[in-house]
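Every value quoted in this text rests on a predicted model; they were computed, and no experiment measured them. Side chains are part of it too, since the values below use all heavy atoms of this structure and drop only hydrogens, waters and symmetry mates. Residue numbering restarts at 1 for every chain, and letters A, B, ... go by the order of the sequence lines.
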Amino acid sequence: MSNAAGVAEPRTLAPPERRTAAVSGVAALGAYALIRALDRDPAPAPRPGQFYMLSTASGWGGGHGERPYLPRAFSHARSENAPGGLELSFLLEDVGPGTARLAALGEAEELALVGPLGIGWRPAAPDTRPLLVGGGIGTAPLLCLEDELATTAPVLLGFRSAAHADAAGLFAGEVGLTTDDGSAGRPGLVTDLLREELDRDPAATVFACGPPPMLEAVRALCAERGVPAQLALESGMACGFGACYGCVVPTRDGYLRLCVDGPVLDAARLDTALFPGAGH
Amino acid sequence: MSNAAGVAEPRTLAPPERRTAAVSGVAALGAYALIRALDRDPAPAPRPGQFYMLSTASGWGGGHGERPYLPRAFSHARSENAPGGLELSFLLEDVGPGTARLAALGEAEELALVGPLGIGWRPAAPDTRPLLVGGGIGTAPLLCLEDELATTAPVLLGFRSAAHADAAGLFAGEVGLTTDDGSAGRPGLVTDLLREELDRDPAATVFACGPPPMLEAVRALCAERGVPAQLALESGMACGFGACYGCVVPTRDGYLRLCVDGPVLDAARLDTALFPGAGH
Amino acid sequence: MDLCGVELGGPVLNGSGTFDAIAARRAFGDPLLERFPFHAFVSKTITLEPRQGNPPPRLWETPAGMINSIGLPNRGLEGFLAHDLPELAELPVPLVVSVMGFSRDELATLVERVGAREEVAMIELNVSCPNVESGLIMGADPAETALAVDRVRPLTDRPLIVKLTPNATDPAAVGRAAEGAGADALSLINTLKGMALDPRGGGPWLGGGAGGVSGPAIRAIALEQVSSVARNVSIPVIGMGGIASGHDAADFLAAGARCVAVGTESFRDPAAGRRIGAELNSLAGAARPPAQPSRRDRDPIRVR
Amino acid sequence: MDLCGVELGGPVLNGSGTFDAIAARRAFGDPLLERFPFHAFVSKTITLEPRQGNPPPRLWETPAGMINSIGLPNRGLEGFLAHDLPELAELPVPLVVSVMGFSRDELATLVERVGAREEVAMIELNVSCPNVESGLIMGADPAETALAVDRVRPLTDRPLIVKLTPNATDPAAVGRAAEGAGADALSLINTLKGMALDPRGGGPWLGGGAGGVSGPAIRAIALEQVSSVARNVSIPVIGMGGIASGHDAADFLAAGARCVAVGTESFRDPAAGRRIGAELNSLAGAARPPAQPSRRDRDPIRVR
Ligand SMILES: Cc1cc2nc3c(=O)[nH]c(=O)nc-3n(C[C@H](O)[C@H](O)[C@H](O)COP(=O)(O)OP(=O)(O)OC[C@H]3O[C@@H](n4cnc5c(N)ncnc54)[C@H](O)[C@@H]3O)c2cc1C
Ligand SMILES: Cc1cc2nc3c(=O)[nH]c(=O)nc-3n(C[C@H](O)[C@H](O)[C@H](O)COP(=O)(O)OP(=O)(O)OC[C@H]3O[C@@H](n4cnc5c(N)ncnc54)[C@H](O)[C@@H]3O)c2cc1C
Ligand SMILES: Cc1cc2nc3c(=O)[nH]c(=O)nc-3n(C[C@H](O)[C@H](O)[C@H](O)COP(=O)(O)O)c2cc1C
Ligand SMILES: Cc1cc2nc3c(=O)[nH]c(=O)nc-3n(C[C@H](O)[C@H](O)[C@H](O)COP(=O)(O)O)c2cc1C
Ligand code: FES
Ligand code: FES
């Protein structure tokens, strides 16, 4: 697959319909939930950084809480071959009615999904080493990226507190850790670690995902140092496949639909990662 | 409590708010479901023929099925004192999204309810014996009526098939049974039994509940024979306490709100029990 | 708080026709009065002549809402004054009487007679009906609305609330017309026209043909209309349409409403008004800046 | 089946602006064309000049629906003809191009240029916008709508569909006016005006201020408008608004629509159109009598 400019896009095509996947497990991972579900054969193999639109086959919405109605976007955290299909993992934080319902999925239930969607992480720039930087639930799309990279890459992660930092244990390589409250790793922000790492060796490509203020700090730091960076952004999505024009992000080229032109964007395309609606 | 005419109404007042009751059991009873829930003290003791507006404390509505949104009306089938409150039983038939959700209640869940509501069965006319006539799920409000009656009363029941007739076993006294397909009891309609019973001894008050065509047959038969009858009717309800004016039934006195002036009506007030919207 | 000079214990009213306090007292007894759900009570709309209302079925459930086709059953003016008013006067809150006339003469009689009763604190004009003189829906047309308010304004010193219909191209223009003719407050939204078909085939489900949609399904539509009307008038606005929580109510207040009204949610819980009032109170601590920086601004032209 | 002389494989279209076949092909590849969800494809509305659309956020979820404030981003007429049209011409179904003009001159240019392209089977006029000449929303006013259709009618021999706005007092009158001026079909409903506030306070959530409500929440409202318009015109009606199942679609057909369009439900399932078409087919066995006994009847005056 190639984009308008003819450059190869890391994009696995999705089947053009919603399907269901059998939930094989929902586990608490500190403050987050890890959902595993079997996407039955023929299951497309997602590229790191791609995402899925998820809902539940029943009990999605309504009730006294009224929402959710639309599906929700989630990066696949990992995918593994399993008997009968591909086991997809999603890492999620319960922040509202959709994530709450997903985190309450039972093992007999079916997850409804469309995907994989969007464009994943591109290769590191020539002669640079990959540097993975994650904040909070933004660690999810870095897990499959680490799996895919040939070399072990430094992974720098920031969390609110130790309760959120359990996800750090999912990485194969060594993880540099900060927490806001110092309850695990070093007290402070993950950009502190990034700055030191770039001081040490600036020949890096940064792959970052996390909350908008963190992504903005990463963007600004990398811009200052001339370091190439790819940012996996979030914005509110209704469809995930370019239909609604709802998920736009302001870039130097105008508004881009994050679901078809992202979610991974080159930081150089952005004036800021802190735009209205970012992170929703 | 007395009505406009000063006649005593069999009506226990309801607390003026929705409350929840702990589900203590959901059992299949042939084609029907029997739900038991603990209405916590101080729980008002319902009169036979009164009803409750039920919903579930969570997962009521929405999802791919979109409905239910409004609560649903159900006769209490029985109530028994239990530690901490009153155990209410409801007998229900899964005919749509509301009843389906209620039948799927788990034991850890909470039932949301308002009630008891409406006016229950009145005493039999002087010098008549009570005669209980039920069709299908309409057996429900006859169970508590039988419990309340001092004398044992004949119970005549009609069902579609044996699969629906299990509810007959819940009565203490002897039950005359018909099924449409003859798979249990006598093949035919319950009004056949009623006709024979009235032939044998016409000094009766009929207490009937069931689908509109059955109630209409009962009404017509009793009118023909001059036998007093009370009919527990159904019509679509949004509120159950007279707020919406939605549940009206055409009577000789004009439209009556079934939820506050019924659901038990004297058959003599009706020209027909087969009115538009009956049974919903 | 104050609504047009009437002292209220809080901002939560009921929507007309969605709570019958007399029937509710039969179901709930006097505890209803002790824990009354609303800070003012709005009667079901009455008309000059008695009406039995539309044939059943009158209800249909929709996604997050419902359609009703009730058809304004009521005892008529005389029946109301003789039977209902004395009972409503026993409620622990101020009484608003909702009236509808099919001509300006009818409306005048209703307002004059109702306004003469000291039990009545305010009068609400339900103008979501055709004027038999012009064939137009009164409340859909600014000029019709102004004529109606103009006519009844001199006939009572009670505050007049005009209840707007959402089935209009420009509710803000109708609101301005009502204000100009002397209305003391506006309430909105009434139900949106809607319809359902009999699932067994053969035509409309509702005995009345079409009906009105209410409930959470219409909340976003209501909020937009309330915001747009409030920006265009100086008189207080009573906002309603799908309010089911204190958070919803706070949105309507932030959009410019002085008070809110609860309708369909009361069908799900007779104490909804009280719950929503309590939730509003607890939200009040976490004060939100008002959403509308200034009134009297006109909407910029926007394309969706 | 036939829609204004164009042969369709079935009655299911997409709602304009709710499916971007070009973007969907990037996501789904050619299997999208093999299992194309619709029997005709309606483009997103284009305007004369390019537009970048409204600032984000552009979406808000509501009970059983959503609000969008997209603001008609598009490449403009020239960009559309040069870049989008060739790609849309590859779709396996007839193409309808939706156009909006902020003046009748703009509309005329759009219709003339688009109608001259043989890839285009029909043109849909989205009249839910203010006319800069009069300040009125074109589609809310029968006279404005007639003037617009009148102006463009001679400029093309392509069938003209007029897409009505539901934010109007009398959509049936607008539909009649469009028919009188030469429209070949009507489509409705567009989104209902709606609004949401930022839950953190401080004003509207949507970058565009207000937005449009769609989804199951508006279905009953849409069905009523479709029924009322279909009863009042002889040209075919394309019904939409919250359709999520074959059963919903069958309701719109029974209410008088010739075709249906699927909008928001495609966001939940890109294959929704195909599923709904299949469900419709399997319902077709269980034939339902049409809900509207005859067209051209006028609504009786009813009070809700
Ligand atoms: C490409 C992509 C990948 C993502 N990957 C992950 C992931 O791997 N793990 C993960 O946990 N999350 C991920 N997210 C975020 C995830 O999609 C959201 O957390 C989720 O949609 C929240 O849904 P909710 O119903 O739980 O909460 P909501 O209440 O829908 O959303 C929370 C926020 O949305 C806003 N909001 C509130 N009400 C509404 C409303 N009515 N309509 C619209 N917005 C509202 C508020 O600002 C609120 O803080 C990803 C998002 C994107 C776009
Ligand atoms: C006083 C009273 C007592 C009752 N007691 C009992 C009892 O003890 N046990 C019991 O099982 N039932 C009882 N019922 C009936 C029970 O309330 C209904 O079966 C229940 O409401 C059905 O809800 P549902 O969501 O399952 O089905 P729905 O789909 O709501 O209803 C089934 C019927 O309603 C109509 N319908 C379909 N769609 C809609 C819609 N969108 N809006 C409105 N109507 C629609 C159709 O005709 C359909 O056949 C009682 C009813 C009343 C009024
Ligand atoms: C069953 C029902 C009956 C109603 N009757 C009236 C009425 O008599 N007069 C009136 O002005 N509004 C009437 N309304 C409209 C409500 O007062 C309110 O404006 C509308 O329902 C929107 O609010 P909600 O969504 O909270 O219900 C009625 C609404 C319903 C649902
Ligand atoms: C995100 C979004 C964008 C839309 N864009 C357009 C548009 O460009 N032109 C148009 O005529 N209608 C547009 N619509 C309206 C739809 O075509 C349709 O009329 C409306 O959404 C109702 O149908 P639904 O409830 O099935 O979505 C849009 C709707 C949505 C939700
Ligand atoms: S989420 Fe719909 S266009 Fe991106
Ligand atoms: S159900 Fe509302 S008045 Fe009877």
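A ring-centre distance under 6.0 Å is not found for Phe51(A) and Phe74(A).
Of all the listed residues (Gly263(D), Ala271(D), Ser266(D), Ala272(D)), the one sharing the greatest number of non-hydrogen pairs under 4.5 Å with chain A is Ala271(D). When each of Ala23(D), Pro270(D), Pro57(D) is checked for heavy-atom pairs under 4.5 Å with chain A, Pro270(D) comes out on top. Each of Ala24(D), Pro73(D), Gly65(D), Gly17(D) has some count of heavy-atom pairs under 4.5 Å with chain A, and the biggest count is that of Gly65(D). Here Arg72(A) is the residue among Arg19(A), Met53(A), Arg72(A) with the most heavy-atom pairs under 4.5 Å with chain D.
In the model, Ser16(D) has no side-chain atom that pairs as donor or acceptor with a side-chain atom of Asn126(D) under 3.5 Å.
The contact between Val114(A) and chain D is made entirely by side chain atoms (from C-beta outward), counting heavy-atom distances below 4.5 Å.
For Ala238(A), the side-chain contact (heavy atoms from CB on, under 4.5 Å) partners are Leu70(A), Cys244(A), Leu59(D), Met66(D), Phe267(D), not counting sequence neighbours. In terms of the salt bridge (Lys or Arg N to Asp or Glu O under 4.0 Å) criterion, Glu124(D) has no residue partners (sequence neighbours excluded).
Put simply, the side chain of Gln230(A) does not reach to within 4.5 Å of the side chain of Leu265(A), judged on heavy atoms.
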